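These notes concern the structure reproduced below.
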Amino acid sequence: MSKRLDLMIVLPPLAKQRVENDKTKLVEDFYKGNSKPAYTRLQYTRIFKGYDLFENFGFVRHAIQRKYDITITLLEHLLFLAPKNLFMIGDLKDIASIRYNYKRVDTLMRMGYVSIAAKGGNKGEHLYTITAKGRQICQEMHEMLSGEIPIPSDIFSTKEATKGDLLKAEIIKKLNKKEKPKTVKLLWARRV
């Protein structure tokens with residue numbers, strides 16, 4: 001496959017058609033924090049590859065929230081804590097100062113998302129961990145973002161569905177049929 005065709009794979013269909021029609025030169029580039037572009041826009045179009053993991057974040061986030069009946073704040077807490085296999089109350093204070101709803105670890109424990117991994121002298125010395133329930137939410141979100149598993153569209157097609165929900169369901173069906181880019185497939189835990 002030629003370099004030009006390889007770069008055009010990441011473009012949406014309408015942009016791809018436009019680039020083909022006006023014979024725009026394509027150059028692969030990597031964002032390095034440059035304030036000035038390396039090429040002028042008249043001669044070259046810069047293509048950035050590998051930034052497509054969060055392309056469907058809005059749809060995945062809504063699907064996860066609906067499926068598990070959780071708020072965005074709780075989802076953010078779980079995504080913050082999941083990579084930390086073990087944590088203490090002091091580690092939770094970083095995000096708890098921003099998000100007040102789940103400031104106390106007791107709240108997360110009552111909800112079943114956090115458990116004590118090792119007891120300490122007092123509450124501040126206990127080691128905590130995300131439960132299987134919380135880890136499942138994070139893992140499923142990552143798998144949906146990377147396209148490893150399809151985003152469920154039936155969650156939005158309920159009897160109480162609004163017009164916006166039905167529109168999301170249609171868009172999700174199209175996204176699930178779309179071929180996943182190589183850059184995202186590299187993140188898959190299970191190889192196909």
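It should be emphasised that the depicted structure is a prediction, and the values quoted were computed from it without experimental measurement. Values below: every heavy atom of this structure, side chains too, minus hydrogens, waters and symmetry copies.
Under a 3.5 Å cut-off, the side chain of N176 and the backbone N or O of P150 do not form any donor-acceptor pair.
Note on M111: it clusters hydrophobically with F80, by side-chain heavy-atom contacts below 4.5 Å among ILVMFWY residues. Both F57 and L74 are part of a single hydrophobic cluster, where members link through side-chain heavy atoms under 4.5 Å apart. No single ILVMFWY cluster, assembled from side-chain heavy atoms under 4.5 Å apart, contains both L78 and L86.
Note that CD1 of I172 is 9.5 Å distant from CG of D154, once rounded to the nearest 0.5 Å. To the nearest 0.5 Å, atoms CD1 (I64) and CD (Q136) are separated by 8.5 Å. To the nearest 0.5 Å, atom NE2 of residue H77 and atom CD1 of residue I130 are 10.0 Å apart. Here the SG-CG distance, from C138 to L79, works out to 4.5 Å after rounding to the nearest 0.5 Å. Once rounded to the nearest 0.5 Å, the distance linking CZ of F87 with CG of L127 reads 9.5 Å. Here the OG1 atom belonging to T71 is positioned 8.5 Å from the CD atom belonging to E76, to the nearest 0.5 angstrom.
Residues satisfying the salt bridge (Lys or Arg N to Asp or Glu O under 4.0 Å) criterion with K177, sequence neighbours excluded, are absent altogether. By the side-chain contact (heavy atoms from CB on, under 4.5 Å) test, I171 pairs with F59, L167, L175, sequence neighbours left out. With sequence neighbours left out, R135 forms a side chain to side chain donor-acceptor pair (under 3.5 Å) with no residue at all. Residues meeting the side chain to side chain donor-acceptor pair (under 3.5 Å) test with Q65, sequence neighbours left out: R61. Applying the side chain to side chain donor-acceptor pair (under 3.5 Å) criterion to E170, with sequence neighbours excluded, gives no partner residue.
Here the side chains of Y68 and K133 are not in contact, with every heavy-atom distance at 4.5 Å or above. For the pair K163/K168, no side-chain contact is recorded, criterion being any heavy-atom separation below 4.5 Å from C-beta on. By the 4.5 Å heavy-atom criterion applied to side chains, M88 and V105 are not counted as neighbours.
Within the structure, side chain to side chain donor-acceptor pair (under 3.5 Å) pairs that include any residue of residues 117-129 comprise D106-K123 (at least two apart or interchain).
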Review point. Given the rule in the side chain to side chain contact (heavy atoms under 4.5 Å, CB included) test, do Y113 and I137 qualify, once you have shown the distances and angles that lead to the verdict?
Key: CA-CA 10 Å; Y113 295 112; I137 293 171; 3.6 Å; yes
Check your understanding: Can I116 and M109 be said to form a side chain to side chain contact (heavy atoms under 4.5 Å, CB included), step by step?
Key -> CA-CA 8 Å; I116 296 175; M109 287 178 67; 3.7 Å; yes
